[in-house]
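It should be emphasised that the depicted structure is a prediction, and the values quoted were computed from it without experimental measurement.
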Amino acid sequence: QVQLVESGGGLVQPGGSLRLSCTASGFTLDYYVIGWFRKAPGKDHEAVSCINSRDSSTHYKDSVKGRFTISLDVAKNTVYLQMNDLRPEDTAIYYCAASFIATAQALCAQGASEYRGQGTQVTVSS
């Protein structure tokens, strides 16, 4: 069964950290561009960060630069999103998506993907 499964979400206080995982099954992430996206209540879906498995290039939303880091472990077929200095405005459902699109920037800009996970809830609150 081809799927992406996210984990690692939860409730954290402002300034705290979480690490999200996105594990693929039924296919390998080699040659894909993989992205983390989020959806908050009352807001549009937005791209958080994307990574190109072919050259390890990355792209980040401006508001998470310096706080979030995306990485890929090919052996574990998993993409991670390390989130530090979390803010209440980071509260959302975070989901990952994989695409054959050419670049990380393109996936983050367009959002179209071959595969998409169900998401994991991140809540930042005191």
Side-chain angles (χ1 to χ4, degrees):
Q1 183 178 3
V2 174
Q3 61 180 351
L4 291 170
V5 178
E6 302 92 340
S7 62
L11 172 64
V12 64
Q13 293 185 343
S17 298
L18 285 173
R19 188 178 79 157
L20 305 183
S21 299
C22 167
T23 300
S25 60
F27 72 107
T28 62
L29 292 176
D30 292 24
Y31 307 111
Y32 279 87
V33 176
I34 307 98
W36 282 99
F37 298 80
R38 65 188 182 189
K39 175 70 171 70
K43 296 184 179 180
D44 291 334
H45 293 263
E46 59 181 8
V48 177
S49 181
C50 298
I51 185 167
N52 189 336
S53 65
R54 307 173 197 112
D55 62 8
S56 298
S57 59
T58 59
H59 180 80
Y60 292 92
K61 176 180 173 62
D62 283 347
S63 64
V64 307
K65 287 180 180 177
R67 300 190 297 125
F68 291 9
T69 303
I70 192 170
S71 61
L72 169 64
D73 187 329
V74 174
K76 295 183 178 180
N77 215 24
T78 298
V79 172
Y80 300 98
L81 185 68
Q82 177 67 44
M83 304 187 296
N84 299 328
D85 189 25
L86 282 160
R87 305 167 181 172
E89 55 264 38
D90 295 317
T91 295
I93 295 174
Y94 285 70
Y95 61 94
C96 58
S99 172
F100 275 127
I101 205 165
T103 68
Q105 184 174 7
L107 177 59
C108 273
Q110 299 177 25
S113 62
E114 279 70 38
Y115 306 112
R116 172 179 162 174
Q118 294 297 309
T120 184
Q121 176 70 46
V122 172
T123 303
V124 185
S125 175
S126 55

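- A heavy-atom distance below 4.5 Å is not found between the side chains of His59 and Ile51.
- Of the possible donor and acceptor atoms, one in the side chain of Thr120 sits under 3.5 Å from a partner among the backbone N and O of Gly9.
- In this structure Tyr31 satisfies the ring-ring contact (aromatic ring centres under 6.0 Å, His included) test with no other residue, sequence neighbours excluded.
- Within the structure, salt bridge (charged side-chain N to carboxylate O under 4.0 Å, His left out) contacts touching residues 67-77 (residues at least two apart or in different chains) are Arg67-Asp90.
- In plain terms, the two heavy atoms of Ser17 and Gln82 that are nearest each other are CB-NE2, 4.0 Å.
- Identified under the disulfide (SG to SG under 2.5 Å) test for residues 8-42, with sequence neighbours left out: Cys22-Cys96.
- Taking the side-chain hydrogen bond (donor to acceptor under 3.5 Å, both in side chains) definition, one finds that Asp44 meets it with nothing, sequence neighbours left out.
- The nearest pair of heavy atoms linking Ile34 to Ser53 is CD1-CB, 4.3 Å.
- Between Cys50 and Ala104, the shortest heavy-atom contact is CB-O, 3.3 Å.
- Inspection of the Tyr94 and Arg38 side chains reveals an N or O donor paired with an N or O acceptor under 3.5 Å.
- The hydrophobic cluster containing Met83 also contains Val64, counting ILVMFWY residues as joined when their side-chain heavy atoms lie under 4.5 angstrom apart, directly or transitively.
- Looking at Asn84, its side chain never comes within 3.5 Å of a backbone N or O of Gly16 through a donor-acceptor pair.
- One hydrophobic cluster holds both Leu18 and Val48 under the rule that ILVMFWY side chains link at heavy-atom gaps under 4.5 Å.
- Note that OG of Ser125 and CD of Gln13 are 8.5 Å apart. Values are rounded to the nearest 0.5 Å.
- Following chains of ILVMFWY side-chain contacts shorter than 4.5 Å, one can reach Phe68 starting from Val122, so the two form part of one hydrophobic cluster.
- Residue Arg19 holds its CZ atom at 11.5 Å from OG1 of Thr69, rounded to the nearest 0.5 Å.
- For the pair Lys65 and Tyr60, the tightest heavy-atom approach, listed with the atom from each and the gap, is CE-O, 3.5 Å.
- For the pair Gln3 and Val5, the tightest heavy-atom approach, listed with the atom from each and the gap, is CD-CG2, 3.9 Å.
- Evaluation of the side-chain hydrogen bond (donor to acceptor under 3.5 Å, both in side chains) rule for Lys43 yields no partner, not counting sequence neighbours.
- Cluster annotation: Ile70 and Ile101 are assigned to distinct hydrophobic clusters (Ile/Leu/Val/Met/Phe/Trp/Tyr, side-chain heavy-atom contacts under 4.5 Å, transitive).
- Side-chain contact annotation: Ser57 with Asp55, donor-acceptor N/O pair under 3.5 Å present.
- Atom CG of Leu81 and atom CD of Glu6 lie 11.0 Å apart (nearest 0.5 Å).
- In this structure, Asn52 CG and Gln105 CD are separated by 11.5 Å, a value rounded to the nearest 0.5 Å.
- In this structure the side chain of Val74 reaches within 4.5 angstrom of the side chain of Asp30, judged on heavy atoms.
- Heavy atoms only, all atoms of each residue included: Ala24 and Leu4 are closest at CB-CD2, 3.7 Å.
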Pair up each side-chain donor or acceptor in residues 107-119 with any protein partner under 3.5 Å, not counting sequence neighbours, and list the distances.
from	atom 1	to	atom 2	distance (Å)
Ser113	OG	Tyr115	O	3.3
Glu114	OE1	Ser99	OG	3.3
Glu114	OE1	Phe100	N	2.8

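- Here the options are Leu72, Leu20, Thr23, the test is side chain to side chain contact (heavy atoms under 4.5 Å, CB included), and the partner is Val79; only Leu72 passes.
- In this structure, Trp36 is a member of the same hydrophobic cluster as Val124, with clusters built from ILVMFWY side-chain heavy atoms closer than 4.5 Å.
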